Asks: 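Below are the structure tokens for one structure; questions will follow.
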2 protein chains.
Amino acid sequence: MIAAGGRLCQLLGLPRSTGQIYGLLYLSTRPLSLDDLVEQLGISKASASTGTRLLCAWGAIQQVWLAGERRPHFEVVAEVGRLVRGCYTEFIKPRLTSSQRRLESMTSSLDEELAHGLLTPEEHRLCANRLTNLARLQKKLLRIAPVAEKFI
Amino acid sequence: MIAAGGRLCQLLGLPRSTGQIYGLLYLSTRPLSLDDLVEQLGISKASASTGTRLLCAWGAIQQVWLAGERRPHFEVVAEVGRLVRGCYTEFIKPRLTSSQRRLESMTSSLDEELAHGLLTPEEHRLCANRLTNLARLQKKLLRIAPVAEKFI
DNA sequence: CAATTCGTTCAATCTGGATTGAACGAAATC
DNA sequence: GATTTCGTTCAATCCAGATTGAACGAATTG
């Protein structure tokens, strides 16, 4: 589980240690402290600190205060599906909408170039077609979201 | 467009140059040779060679032989949606199915540990629950595919 | 208040993988 | 057949970003 989490994060361009922390906590039968993570994963306290903070910010894990312990421990929060959804709304969706704006500006500047005679009508038609294709794809990708949410 | 392709590839953990090549070809009004790519993108011929080969393998671009030219040129193939679908069947789906197998083996070894008294029934129940949660999520993700294909 | 225990931060280091220059082989041209 | 023009391959290099050790500050304990 630790290895799987590490590889998944590395595949996504995220710190491997972060995935390892989640993997360990996911099958731990009790909340773990920072030093537990350091010891069991063989990572530095610095990595453990930044990793847990990142996972907390994503709502993947949470701090809990155990009776008799004065430092916080960590445990995973239940639903994994929420992580996937969060990944969509945090990562994919903003990029899709921002690139939609960029596409619009590219289209308008393309029209300008045609008006100034920098492009033949032929060339303009080809580029405009490709850009509208992209725009259409983006709209579809954005429309999938509500459908997918019903499934997950 | 070049920058967008480069950044997208970099985000996905792919060579930036590959994305740049696709971005340039996507708005080019004519097929380009390897040396065109080298010149216009400022990348080495080695990067251009491996990049075009990768994109050809994905069906993102294709070679065309222009009359009077003895070396092949490259152009994008139209539908972008096919790329997204290919990304799913090539990357996501295999990983989902392989990790499904791994999950099953983990579950069975977990049962063994319970039988050998290495785990309390309490601990076994918690781990088994989390594993079945994961398995359920994977099944859902796999089931989304046919739905999404109708949309894109 | 001193001493200890933590978590955080930051500069330095390490590393996986992209990039590249050069060598190579194939094909075409003369 | 010699020469030039290509595309490919591979070892060396480079780089972004993950990791870490050490220093720091806050909180707690004696």
Side-chain angles (χ1 to χ4, degrees), chain A residues 2-25 31-58 60-75 91, chain B residues 2-25 31-58 60-75 90-91 95:
Chain A
I2 294 167
R7 257 177 294 143
L8 179 60
C9 274
Q10 214 163 8
L11 180 71
L12 299 175
L14 300 170
R16 183 177 62 210
S17 56
T18 303
Q20 290 174 320
I21 292 170
Y22 187 80
L24 174 56
L25 288 179
L32 300 179
S33 71
L34 263 194
D35 283 336
D36 289 333
L37 299 175
V38 169
E39 186 188 356
Q40 296 201 33
L41 295 176
I43 61 179
S44 71
K45 195 151 62 169
S47 293
S49 174
T50 59
T52 51
R53 201 141 26 93
L54 189 59
L55 289 169
C56 282
W58 288 347
I61 68 176
Q62 63 184 4
Q63 288 189 349
V64 291
W65 274 267
L66 270 55
E69 287 277 0
R70 65 187 185 86
R71 55 182 180 172
H73 287 54
F74 298 93
E75 66 179 10
F91 278 85
Chain B
I2 295 168
R7 256 176 294 145
L8 179 60
C9 274
Q10 215 162 9
L11 180 71
L12 298 175
L14 300 170
R16 183 178 61 209
S17 55
T18 303
Q20 291 175 319
I21 293 171
Y22 187 80
L24 175 56
L25 288 178
L32 300 179
S33 70
L34 263 193
D35 282 337
D36 290 333
L37 299 176
V38 169
E39 187 188 357
Q40 296 201 34
L41 295 177
I43 62 179
S44 71
K45 195 152 61 168
S47 293
S49 174
T50 60
T52 52
R53 200 141 26 92
L54 190 59
L55 289 169
C56 283
W58 289 347
I61 67 175
Q62 63 184 3
Q63 289 189 347
V64 291
W65 274 267
L66 271 54
E69 286 277 358
R70 65 187 183 85
R71 55 181 178 171
H73 286 54
F74 298 93
E75 66 178 9
E90 298 274 330
F91 278 86
R95 283 168 207 277

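Bear in mind that the values here come from a model prediction, so they are computed numbers and not experimental data. Below, read A as the first sequence line, B as the second, and so on, with proteins coming before strands; counting in each chain starts at 1.
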Asks: Using whole Å, what does the distance between atom C1' of nucleotide dA18(C) and atom CG of Leu8(B) come to?
Replies: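 Leu8(B) atom CG is separated from dA18(C) atom C1' by 17 Å.
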Asks: Would you say Arg71(A) reaches dA27(D)'s phosphate, i.e. side-chain N/O to OP1/OP2 under 4.0 Å?
Replies: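 Answer no for this pair, as no side-chain N or O of Arg71(A) is under 4.0 Å from OP1 or OP2.
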Asks: Starting at atom CH2 of Trp65(B), determine the distance to atom P of dG7(D), rounded to an integer number of angstrom.
Replies: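 Roughly 11 Å, once rounded to whole Å.
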Asks: Given the rule in the side chain to side chain contact (heavy atoms under 4.5 Å, CB included) test, do Arg71(A) and Asp35(A) qualify, once you have shown the distances and angles that lead to the verdict?
Replies: CA-CA 10 Å; Arg71(A) 55 182 180 172; Asp35(A) 283 336; 2.7 Å; yes
Asks: Mind listing the closest non-hydrogen atom pair of Ala60(A) and Tyr22(A) along with its distance?
Replies: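 Distance-wise, the nearest heavy atoms are O-CE1, 3.6 Å.
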Asks: What closest approach, in Å, do Phe74(A) and Gln63(A) show between heavy atoms, and which atom pair accounts for it?
Replies: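 In this case the closest contact between Phe74(A) and Gln63(A) is CE2-CG, 3.4 Å.
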Asks: Give the rounded distance in Å between these two atoms: CG of Leu14(B) and P of dA18(C).
Replies: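 Those two atoms, CG and P, are 8 Å apart.
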Asks: Does Arg16(A) have a side-chain nitrogen or oxygen under 4.0 Å from the phosphate oxygens OP1 or OP2 of dG17(D)?
Replies: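 Result: no.
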Asks: Check the distance between dT29(C)'s P and Glu69(B)'s CD and give it to me in whole angstrom.
Replies: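 Result: 12 Å.
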Asks: When you match Thr50(A) and Ser44(B) each to their closest nucleotide on DNA chain C, which lands nearer the 5' end?
Replies: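 Its nearest nucleotide being more 5', the pick is Thr50(A).
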Asks: What is the distance, to the nearest angstrom, from the CG atom on Leu37(A) to the C1' atom on dG7(C)?
Replies: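 Atom CG in Leu37(A) sits about 13 Å away from atom C1' in dG7(C).
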Asks: So if I take every side-chain heavy atom of Ala46(B) and compare against dC10(D), dT20(D), dG7(D), which nucleotide ends up nearest?
Replies: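 Of dC10(D), dT20(D), dG7(D), dC10(D) is nearest to the side chain of Ala46(B).
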Asks: If you check the Lys45(B) side chain, which of dA18(C), dG21(C), dG7(D) turns out closest?
Replies: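 Closest nucleotide to the Lys45(B) side chain: dG7(D).
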Asks: Take atom CG of Leu66(A) and atom P of dC6(C), then tell me their distance rounded to the nearest Å.
Replies: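 Spelled out: CG on Leu66(A) to P on dC6(C) is 14 Å.
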Asks: Rounded to the Å, how far apart are Ile43(B) CD1 and dC14(D) P?
Replies: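 Atom-to-atom, Ile43(B) to dC14(D), this comes out as 19 Å.
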Asks: With respect to the side chain of Pro15(B), which nucleotide from dG7(C), dT19(C), dT19(D) is positioned closest?
Replies: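 The answer is dT19(C).
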Asks: Is a side-chain N or O of Ser49(B) found less than 3.5 angstrom from the main chain of Lys45(B), in a donor-acceptor match?
Replies: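 Answer holds: no.
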Asks: When you get a sec, tell me which of dT9(D), dT9(C), dC6(C) is the closest nucleotide to the side chain of Ser49(A)?
Replies: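 So the nucleotide nearest the side chain must be dT9(C).
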Asks: Rounded to whole angstrom units, what separation is found between the CG atom of Asp36(B) and the C1' atom of dT5(D)?
Replies: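 Taking atom C1' of dT5(D) as the reference, CG of Asp36(B) is at 15 Å.
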